[in-house]
Amino acid sequence: MEGFWEKYQTFLGTAAEKLKEVINAPPFRGLRINPEKISQEDLYRRYGYLETVPWCPEGYYLSEDMFLGKDPWHWAGAFYLQEPSAMLPVEVLDPKPGDKVLDLAAAPGGKSTQILSKLKGEGILVANEVNSSRAKVLTENLERWGYENFLVLNESPPNLEEKFEAYFDRILVDAPCSGEGMFRKNPKAIDEWSIEHVLGCSVRQKKLLTTAAKLLKEGGVMVYSTCTFNPEENERVVAWFLKQNPNFALESIEIKGVSPGVPEWAESNLELQKTFRIWPFQQKGEGHFAARMVKLCDDGKKSHLPKKGKPKRKKINMEEFSKFWQEYFTVPEPEVAFKGEKLLLLPQNLPDITGLKVVCAGRELGEIKKGRFVPSQALAFSLLSKKFTRALELPGELLQAFIKGESFSVPWSEGWYLICDEGVALGFGYVKKGVFKNRLAKNLRSFAF
Ligand code: SAM
């Protein structure tokens, strides 16, 4: 932390003392609900009253004794555990149903799940993550959230330029940063802090923004955000970007309860007042910065409308799948694609992604095993599962047995059952000769509590 307090003394003046006072306090923690799976009423019924986050209508503060990491509602995508200030950037991006949205640095996926909620199943989210193991976690988190309209890519951002030039309506650049807003949550971030690291981050951030600018269509909106306080990585990066790209302008949008950015930290460019900040001594949040920029239209340029084309979809006559669907679902059978024995539901209007590293394109619905269709865990997490006719709530002990992965005797008729916890679908099981055979994914069974 050499040089940290000296720097903040210069930037903040007397307010540096306030930052010093709060830096050792316990961090704020929060959750954001998935409104397609639970409501505020459901949340309060299960956990009691929780204070709402001013800048995010779906966000709530956790109390100090609440630890919900193992709660079935968490791993089944009824809410996402997220530090409250991290809920800011997507509110600033404000995606609308039907938009094509890119989350350029997306893992582990907090902001991507928030984007999916805003899209309400219409349009598409391309969630990209350069680190392959983080891209897998990102996929799991997006699958849990329940929507089908997303793709997960594992690319270095410049590799997206060829396929996606001027393609997106909205782009989030939630950049890797020096993480000063993580100091209370993750003391390791303090050890990694140095002025050289901060400057290194700002170089990387400028590169990311330059790539993102090429991928945004004219009239499109881009949000740049970090979870650090440092002006070098915030106001100064944005001021630099605007100088390099005169076809971009900052835009204001009403967000409740946050502070503005500070123009004096970047050559007094007054436009920077339109950016947003959360400080741990001013708001109830660990700290975040967000800037909303619009790409202005330039009539001299070629039309950037995406090429229209029929999405590649295959109609497969899958008798067993059809039988299953007709027996258990109240909605028409979807068109599916086939990958080996697995059946996939592809997102609508899939862009051309040939040649890119695709981690996930389409939700796995299940597979044909020994001539029969077996539904997947991803189907249980899908919002489609709300239309499953044999959904069951189990009494406490049996629910625990289900989460532990146990099989048990039941007096129920033969067939598939979807097990739910207070309305939230957890997983499938199959009953044969009075025995319930558990089909909850093995990696979730360790979550028993
Ligand atoms: N948006 C995420 C969320 O809300 O869950 C958090 C993103 S985190 C702040 C930044 C991400 O950028 C990390 O997942 C990291 O792996 C990725 N990253 C690191 N270096 C990168 C680079 N040079 N280009 C693109 N992404 C990078």
Side-chain angles (χ1 to χ4, degrees), residues 29-32 34 53 55-56 58-59 74 77 79-93 95 101-118 125-145 150 152-161 164 170-183 185-186 188-189 192 197-215 222-230 233-234 237 278 285-291 356-357 359:
R29 296 179 305 124
L31 65 77
R32 187 172 35 74
N34 181 347
V53 174
W55 48 89
C56 175
E58 281 84 36
H74 173 231
F79 57 74
Y80 191 93
L81 291 172
Q82 191 174 36
E83 192 276 294
S85 48
M87 299 170 192
L88 172 70
V90 176
E91 293 302 319
V92 176
L93 185 67
V101 185
L102 171 67
D103 188 351
L104 190 59
K111 296 178 189 79
S112 275
T113 59
Q114 197 174 354
I115 291 169
L116 284 173
S117 287
K118 300 246 180 225
L125 166 70
V126 176
N128 181 64
E129 169 56 45
V130 69
N131 175 312
S132 60
S133 54
R134 286 173 68 83
K136 280 192 197 120
V137 177
L138 168 67
T139 303
E140 283 167 18
N141 283 333
L142 297 190
E143 270 181 351
R144 273 163 215 203
W145 209 244
F150 69 89
V152 178
L153 301 180
N154 171 216
E155 283 294 351
S156 164
N159 293 348
L160 302 178
E161 287 175 15
F164 292 118
R170 303 204 190 221
I171 298 182
L172 176 63
V173 183
D174 188 38
C177 66
S178 59
E180 293 165 4
M182 304 284 277
F183 281 2
K185 190 176 154 198
N186 173 19
K188 228 179 79 191
E192 282 168 13
H197 184 220
V198 166
L199 295 176
C201 285
S202 82
V203 170
R204 191 161 54 172
Q205 288 151 353
K206 288 171 185 170
K207 282 189 186 154
L208 280 176
L209 270 178
T210 304
T211 294
K214 296 179 191 158
L215 308 179
M222 175 161 88
V223 166
Y224 170 72
S225 61
T226 74
C227 65
T228 203
F229 313 130
N230 213 297
E233 298 175 61
N234 295 322
V237 167
I278 291 174
E286 292 305 284
H288 237 81
F289 173 86
L356 294 175
K357 276 188 242 154
V359 186

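These numbers come from a predicted model, not from an experiment. Whatever order the structure lists them in is the order used to number ligands and atoms, beginning at 1.
Taking both residues in full, the closest heavy atoms of Cys177 and Cys201 are given as C-SG, 3.6 Å, listed atom of the first, atom of the second, then distance.
Between Phe164 and Leu102, the closest side-chain pair of non-hydrogen atoms is not below 4.5 Å.
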Output block, N or O contacts of ligand 1, threshold 3.5 Å exclusive:
{"unit_1": "ligand 1", "atom_1": "1 (N)", "unit_2": "Ala105", "atom_2": "O", "d": "3.1"}
{"unit_1": "ligand 1", "atom_1": "1 (N)", "unit_2": "Asp174", "atom_2": "OD2", "d": "2.8"}
{"unit_1": "ligand 1", "atom_1": "4 (O)", "unit_2": "Lys111", "atom_2": "N", "d": "3.2"}
{"unit_1": "ligand 1", "atom_1": "4 (O)", "unit_2": "Lys111", "atom_2": "NZ", "d": "3.0"}
{"unit_1": "ligand 1", "atom_1": "5 (O)", "unit_2": "Pro108", "atom_2": "N", "d": "3.3"}
{"unit_1": "ligand 1", "atom_1": "5 (O)", "unit_2": "Gly109", "atom_2": "N", "d": "3.0"}
{"unit_1": "ligand 1", "atom_1": "5 (O)", "unit_2": "Gly110", "atom_2": "N", "d": "3.0"}
{"unit_1": "ligand 1", "atom_1": "14 (O)", "unit_2": "Ala107", "atom_2": "O", "d": "3.2"}
{"unit_1": "ligand 1", "atom_1": "14 (O)", "unit_2": "Glu129", "atom_2": "OE1", "d": "2.7"}
{"unit_1": "ligand 1", "atom_1": "14 (O)", "unit_2": "Glu129", "atom_2": "OE2", "d": "3.3"}
{"unit_1": "ligand 1", "atom_1": "14 (O)", "unit_2": "Arg134", "atom_2": "NE", "d": "2.8"}
{"unit_1": "ligand 1", "atom_1": "14 (O)", "unit_2": "Arg134", "atom_2": "NH2", "d": "2.9"}
{"unit_1": "ligand 1", "atom_1": "16 (O)", "unit_2": "Glu129", "atom_2": "OE2", "d": "2.6"}
{"unit_1": "ligand 1", "atom_1": "16 (O)", "unit_2": "Arg134", "atom_2": "NE", "d": "3.4"}

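In summary, the side chains of Glu91 and Gln114 do present a donor paired with an acceptor at a separation below 3.5 Å, with no hydrogens or angles considered. Side-chain contact, Thr113 with Arg144: no donor N or O sits under 3.5 Å from an acceptor N or O.
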Compile the donor-acceptor pairs under 3.5 Å between side chains in residues 133-140 and protein atoms, sequence neighbours left out, one pair per line.
{"unit_1": "Ser133", "atom_1": "OG", "unit_2": "Asn131", "atom_2": "OD1", "d": "3.0"}
{"unit_1": "Arg134", "atom_1": "NH2", "unit_2": "Ala107", "atom_2": "O", "d": "3.0"}
{"unit_1": "Thr139", "atom_1": "OG1", "unit_2": "Ala135", "atom_2": "O", "d": "2.9"}

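Aromatic ring pairs are classed by plane angle as parallel below 30°, tilted from 30° to 60° and perpendicular above 60°; the pair Phe289 and Tyr224 is perpendicular.
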